[in-house]
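Contents: one structure, followed by commentary.
Remember, predicted model here, so these are calculated numbers, not experimental data. Start at 1 and go down the list; that is how both ligands and their atoms are numbered. Scope of the values below: all heavy atoms of this structure, side chains included, with no hydrogens, waters or symmetry mates.
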Amino acid sequence: EFQVCRTTTLAHKRVLVTAGGTREPLDPVRFIGNHSSGRMGFAIAKAAAIAGAEVTLVSGINTLPTPRGVVRRIDVMTTGEMKAAVDSVYPQCDAVIKAAAVADYRAAHPASEKIKKDTATLHLELAKNPDILWELGQRKTHQLLVGFAAETTRVLEYGMAKLRKKNLDMLVANDVSAEGAGFQGDTNIATLLFADGTQEALEKMDKFALATIIVERVAALLAAHPE
Ligand code: CTP
Ligand code: CA
């Protein structure tokens with residue numbers, strides 16, 4: 001294991017990383033969003049570039065600087081825009097690491113003018129967004145797929161179910177309600193789940209340290225992957 005990690009890099013590998021949250025407009029001034037900071041995905045993009053990969057970063061709206069060595073950054077707002085960007089890059093990818101926090105629903109009928117507060121209650125009809133990662137799993141040819149699961153309960157059970165359902169090779173499961181984990185902060189606590197059913201529980205660590213481990217595992221899986 002140690003040997004694999006030390007000798008495996010991502011040189012000549014094309015890696016797509018998604019980061020940050022998507023936003024769905026309700027009207028010209030409001031949106032549905034989430035607390036994702038983009039830091040975990042940006043740390044992964046940085047670690048993958050350091051490991052020698054040709055990194056494309058698809059980013060939800062945030063103000064983080066593009067990590068040095070990332071060759072292409074595509075900024076998106078909505079889940080639909082993220083899907084279009086990811087789908088366009090996917091055929092040429094060796095690995096996809098999907099750290100983004102994707103909005104599961106969007107406004108069914110976004111208002112073209114600002115919504116006025118002239119009613120006592122406001123009903124919003126939401127339409128389900130496509131599951132970008134699930135669809136990649138259905139169309140997988142040679143790509144290695146890594147997903148994330150942010151959970152607040154039954155983390156490993158829900159995580160393993162997502163890994164299977166989305167046809168992933170690895171899933172980074174984290175309990176976003178735990179102290180020192182999740183969307184904001186500089187640290188994270190994760191368990192790596194693999195398609196062969198094995199699990200690797202990691203200590204609380206800096207997001208870049210976790211990113212480096214994720215990238216090492218991706219490199220090892222790619223090295224073992226029949227092309
Ligand atoms: N994901 C995606 N497209 C979506 C929703 C999620 O690509 N529309 C990806 C995320 O980027 C992440 C993984 O799927 O890598 C799991 O996301 P998560 O929100 O934890 O799971 P969901 O499948 O959306 O299920 P739920 O939110 O109901 O737990
Ligand atoms: Ca979700």
Side-chain angles (χ1 to χ4, degrees), residues 15-25 31-45 48 55-62 74-91 93 95-108 126-140 143-178 181-184 188-195 199 207 210-211 214-215 217-218 221:
V15 176
L16 169 61
V17 180
T18 73
T22 61
R23 290 180 179 181
E24 302 294 346
F31 60 85
I32 299 173
N34 59 64
H35 290 299
S36 174
S37 65
R39 283 184 221 172
M40 193 63 237
F42 274 61
I44 291 168
V55 179
T56 298
L57 176 58
V58 174
S59 172
I61 291 172
N62 65 65
I74 306 172
D75 286 303
V76 298
M77 182 171 73
T78 65
T79 299
E81 289 170 13
M82 180 169 283
K83 178 171 166 49
V86 166
D87 286 352
S88 73
V89 179
Y90 187 54
C93 282
V96 179
I97 306 176
K98 217 161 174 309
V102 182
D104 292 327
Y105 293 90
R106 66 181 183 278
L126 302 180
K128 197 180 242 176
N129 275 329
D131 189 322
I132 302 168
L133 188 54
W134 182 85
E135 291 187 15
L136 297 183
Q138 300 306 297
R139 301 193 319 256
K140 184 152 105 173
Q143 296 90 345
L144 191 90
L145 288 185
V146 179
F148 273 67
E151 307 288 356
T152 56
T153 181
R154 294 160 73 180
V155 179
L156 300 184
E157 178 193 336
Y158 286 148
M160 197 47 91
K162 279 177 191 174
L163 179 138
R164 298 266 178 256
K165 187 174 144 203
K166 301 192 189 203
N167 194 20
L168 308 179
D169 299 280
M170 178 173 139
L171 181 130
V172 182
N174 58 6
D175 182 344
V176 289
S177 63
F183 286 151
Q184 290 300 324
N188 214 343
I189 308 168
T191 299
L192 307 183
L193 306 179
F194 297 91
Q199 303 182 356
K207 285 183 175 173
L210 176 58
I214 291 167
V215 162
R217 298 297 175 271
V218 166
L221 287 169

*Thr191: what forms a side-chain contact (heavy atoms from CB on, under 4.5 Å) with it, not counting sequence neighbours?*
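Result, side-chain contact (heavy atoms from CB on, under 4.5 Å) vs Thr191: Leu156, Leu193, Gln199, Ala201.
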For Leu192, enumerate each residue passing the side-chain contact (heavy atoms from CB on, under 4.5 Å) test, keeping only those at least two apart in sequence or located in another chain.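 Scan of Leu192 (side-chain contact (heavy atoms from CB on, under 4.5 Å), adjacent residues dropped) gives Met170, Val172, Phe194, Glu200, Leu202, Ile213, Ile214, Arg217.
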Does any non-hydrogen side-chain atom of [Y] lie less than 4.5 Å from one of [X]?
X      : Y     : answer
Leu136 : Asp87 : yes
Asn129 : Thr22 : no
Lys140 : Tyr90 : yes

Query raised in the report: Between Lys165 and Asp131, is there a side-chain N and carboxylate O pair less than 4.0 Å apart?
Result: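 Looking at Lys165 and Asp131, the cut-off is not met.
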Could you enumerate the protein N, O or S atoms under 3.0 Å from the Ca ion (ligand 2), written like residue then atom name?
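As for protein N, O or S atoms lying under 3.0 Å from the Ca ion (ligand 2), they are Asp104 OD1, Asp104 OD2.
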| query | Rounded to the nearest 0.5 Å, how far does CD of Glu151 lie from CG of Asp175? | reply |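 Separation between the atoms: 8.5 Å.
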*asked:* What's the separation between atom NZ in Lys128 and atom CZ in Arg106, rounded to the nearest 0.5 Å?
replied: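 CZ of Arg106 is found 11.5 Å from NZ of Lys128.
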For ligand 1, give me the residues whose heavy-atom distance to it is below 4.0 Å, by chain and number please.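 Residues within 4.0 Å of ligand 1: Lys98, Ala100, Val102, Asp104, Pro130, Asp131, Ile132, Leu133, Gly147, Phe148, Ala149, Ala150, Lys162, Lys166.
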Candidates Ile132, Leu171, Leu16 - the one meeting side chain to side chain contact (heavy atoms under 4.5 Å, CB included) with Lys98:
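With Lys98 as partner, side chain to side chain contact (heavy atoms under 4.5 Å, CB included) holds for just one option, Ile132.
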